[in-house]
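All ligand and atom numbering here is 1-based and tracks the order in the structure.
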Amino acid sequence: MSKKILLSGIQPSGRPHIGNFFGAMKQFVDMQETHDCLFMLADYHALNAIQDAKVMKQNIIDLAIDYLSIGLDPEKSIIFKQSDVSEHTELAWIFDTITTVPYLQRAHAYKAAEANLSKEISVGLFNYPMLMVADILLYDTDVVPVGADQKQHVEITRDTAEKFNRIYGETFKLPEPKILANVAVVPGIDGRKMSKSYGNTIPLFAEDAEIEKCVMSIVTDSSGGIPKNVYEMHKLFRSEEELTVLYKQHEGKYKALKEALINDIKTFIRPLREKRKTIAGDTAAVLKVLKEGGIRAKEKASAKMDEVREKVGVKLY
Ligand code: TYM
């Protein structure tokens, strides 16, 4: 029996953090063995936020290095960047033509952007889900491992696949999100969802001093007992049984508990950081992975796109 197809992606919009790792990237690594995987760098999505060519280039290379450093393996999986496969934007256009404005106005990300009155919303941001729908449907994807904040996007993907199939006949598979309950929303150092845009992250490849600084600034309440934000983050690195003992032993001693968390994060990050330094030393090899991944992804995407052009009636020869 052939393996199920997995696709997921991350935007090259800055350093990934431990929320990205536990919410999504760790699953990428684990599922490589059991699925046919495509891991994408969503560079066209990131254009909504990064509008500086030099920064964009560096971010793409950095994210490719990050992917390889956590153990994504180009021998097992296709690692590619979205902009190398023009079928993504082409298919997004076709989906635009069957999607209504009120439907997209209900997207959480759009609503959040709309609530921020200081900036007018770009068409790219409004249309963001349609490009993500194309990313997923182009490869007959079965499963999309993501954090909880992307759940609605996968639902939009299913709706759009159903709508297209209804209008033009059976063409797209309906994918399932894969969201791990205990890490669906990893909290940041202020207790809100960890997010680059909130500035509350612990970077995945942070240096020791940076880890210390981040953990020491975790917001704690002053009621004594268990500091919730510290505990919630600690759960990522130790079992609840171990934590129960540790937090009992140091009840009310926030500094000692933070120090224990610092040690656990350092132990976890150190080998990843070391591996990253080695991989970062050979940019040419990293670019080769991306380029070859792009060629492999393009092959699959262009076959699917041919089918779509036929279905909508624009393929004449
Ligand atoms: P992005 O780049 O914002 O985030 C990458 C992944 O990290 C997850 N994540 C979290 N999970 C748990 N707790 C957190 N605090 C946390 N913060 C981020 C996100 O849910 C995501 O899985 N739109 C996507 C990129 C994308 C994509 C795709 C994903 C584009 N096309 C196709 C899947 C399939 C995004 O902006 O992720």
Side-chain angles (χ1 to χ4, degrees), residues 5-29 31 35 37-50 59-60 62-63 66-67 70 72 78 80-83 85 87-89 91-92 95 107-110 112-113 124-125 127-158 160-161 175-204 229 232-233 235-236 297 301:
I5 299 170
L6 177 157
L7 179 137
S8 197
I10 298 182
Q11 296 190 62
S13 54
R15 296 165 81 194
H17 48 72
I18 60 172
N20 298 129
F21 181 79
F22 287 101
M25 296 163 96
K26 185 174 183 304
Q27 299 181 69
F28 297 179
V29 184
M31 294 173 81
H35 290 70
C37 297
L38 295 120
F39 299 116
M40 190 185 73
L41 291 84
D43 53 352
Y44 274 163
H45 275 124
L47 269 181
N48 278 317
I50 311 285
N59 281 2
I60 293 171
D62 283 342
L63 182 58
D66 298 337
Y67 272 3
I70 59 166
L72 299 189
I78 298 179
F80 74 105
K81 68 180 169 69
Q82 196 177 33
S83 61
V85 186
E87 284 79 358
H88 289 242
T89 42
L91 183 57
F95 291 146
H108 301 319
Y110 169 75
L125 192 88
N127 223 19
Y128 185 109
M130 289 293 104
L131 182 56
M132 185 156 159
V133 170
D135 298 337
I136 296 169
L137 296 184
L138 256 182
Y139 299 94
D140 292 327
T141 303
D142 295 292
V143 55
V144 187
V146 281
D149 59 356
Q150 298 298 318
K151 185 167 182 257
Q152 192 190 34
H153 288 149
V154 183
E155 285 162 5
I156 293 174
T157 305
R158 291 172 61 89
T160 309
E176 297 283 345
K178 183 159 193 294
I179 300 169
L180 295 184
N182 52 342
V183 285
V185 184
V186 172
I189 59 176
D190 57 1
R192 291 187 294 170
K193 182 190 90 160
M194 187 175 287
S195 167
K196 284 168 217 163
S197 48
Y198 294 157
N200 64 355
T201 68
I202 298 186
L204 177 57
N229 292 340
E232 288 302 315
M233 199 170 291
K235 276 199 320 205
L236 300 169

Check Gln150 against Met132 and note the closest heavy-atom contact, atom names and distance. OE1-CE, 3.4 Å
Relative to atom 10 (C) of ligand 1, which among Ala134, Pro177, Gly19, Gly188 owns the nearest non-hydrogen atom? Gly19
Could you check atom 37 (O) of ligand 1 against the protein and tell me its nearest heavy-atom contact, residue, atom and distance included? Gln150 NE2, 3.8 Å
Could you tell me the separation between the CE atom of Met130 and the NE2 atom of His153, rounded to the nearest 0.5 Å? 9.0 Å
Is a side-chain N or O of Asp43 found less than 3.5 angstrom from the main chain of Ser83, in a donor-acceptor match? yes
May I ask you to check whether His153 has an N/O atom sitting below 3.5 Å from an N/O atom of ligand 1? no
Is Thr141 reaching over with its side chain to a backbone N or O of Ile136, donor-acceptor style, under 3.5 angstrom? yes
Does ligand 1 come near enough to Asn20 that some N or O of the ligand is less than 3.5 Å from an N or O of the residue? yes
Taking both backbone and side-chain atoms of Lys196, is any N or O found less than 3.5 Å from an N or O belonging to ligand 1? no
Determine yes or no for a side-chain-to-main-chain donor-acceptor pair under 3.5 angstrom, with Gln82 supplying the side chain and His45 the backbone. yes
For residues Leu204 and Met25, determine if any side-chain heavy atom of one lies less than 4.5 Å from a side-chain heavy atom of the other. yes
re atom 22 (O) of ligand 1, the protein heavy-atom contact at minimum distance is Gly147 N, 3.2 Å
Under 4.0 Å from one or more heavy atoms of His17, ligand 1 contributes atoms 17 (N)
Has the side chain of Asn200 got a donor or acceptor atom that lies under 3.5 Å from a matching backbone atom of Ser195? yes
Just to check, does Met40 reach to within less than 4.0 Å of ligand 1 when the distance is taken from its heavy atoms? yes
So the atoms of ligand 1 within less than 4.0 Å of a heavy atom of Val183 turn out to be 12 (C)
Subset of ligand 1 atoms that lie under 4.0 Å from at least one heavy atom of Gln11: 2 (O), 35 (C), 36 (O)
Using modelled atom types and a 3.5 Å cut-off, is there a donor and acceptor pairing between side-chain atoms of Gln152 and backbone atoms of His108? yes
Under 3.5 Å, N or O to N or O, is Met132 touching ligand 1 that way? no
For His45, the ligand 1 atoms whose distance to one of its heavy atoms is below 4.0 Å: 30 (C), 31 (N)
Just how far is it from atom OH of Tyr139 to atom NE2 of His88, taken to the nearest 0.5 Å? 3.0 Å
Measuring from the heavy atoms of Ser8, does anything fall under 4.0 Å of ligand 1? yes
To the nearest 0.5 angstrom, please state how far the OG1 atom of Thr89 sits from the CG atom of Asn127. 11.5 Å
So is Met25 in contact with ligand 1, going by heavy-atom distances below 4.0 Å? no
Short version for Ala184: what comes under 4.0 Å of ligand 1, heavy atoms counted, is backbone
Closest to atom 31 (N) of ligand 1 among protein heavy atoms sits Asp135 OD2, 2.7 Å
Protein contact to atom 20 (O) of ligand 1 [nearest heavy atom, distance to 0.1 Å]: Asp149 OD1, 2.3 Å
For ligand 1, which atoms have a heavy atom of Val185 less than 4.0 angstrom away? 13 (N)
Compare Ile136, Val186, Val144, Thr201 and give the one whose heavy atom is closest to atom 13 (N) of ligand 1. Val186
For the residue pair Cys37 and Met31, what are the closest heavy atoms and their distance? SG-O, 3.7 Å
Enumerated ligand 1 atoms positioned under 4.0 Å from heavy atoms of Val146: 22 (O), 33 (C)
Find all atoms of ligand 1 within a distance of less than 4.0 Å from any non-hydrogen atom belonging to Lys193, and give their numbers and elements. 15 (N)
What protein heavy atom sits nearest atom 23 (N) of ligand 1, and how far away is it? Tyr128 OH, 2.6 Å
Side chains of Pro12 and Asp62: does their closest heavy-atom pair fall under 4.5 Å? no
Residue part near ligand 1, for Phe22, under 4.0 Å between non-hydrogen atoms: neither
Give me the nearest non-hydrogen protein atom to atom 25 (C) of ligand 1 as residue plus atom name, then the distance to 0.1 Å. Gly9 O, 3.5 Å
Could you tell me whether a side-chain N or O of Asn229 sits under 3.5 Å from a main-chain N or O of Ile189, the two making a donor and an acceptor? no
State, with a plain yes or no, whether a side-chain heavy atom of Lys26 is found less than 4.5 Å away from one of Ile70. no
Hey, would you say the His17 and Tyr198 ring centroids sit under 6.0 Å apart? no
Using a 4.0 Å cut-off to any heavy atom of Ala24, which atoms of ligand 1 qualify? 6 (C), 7 (O), 22 (O)
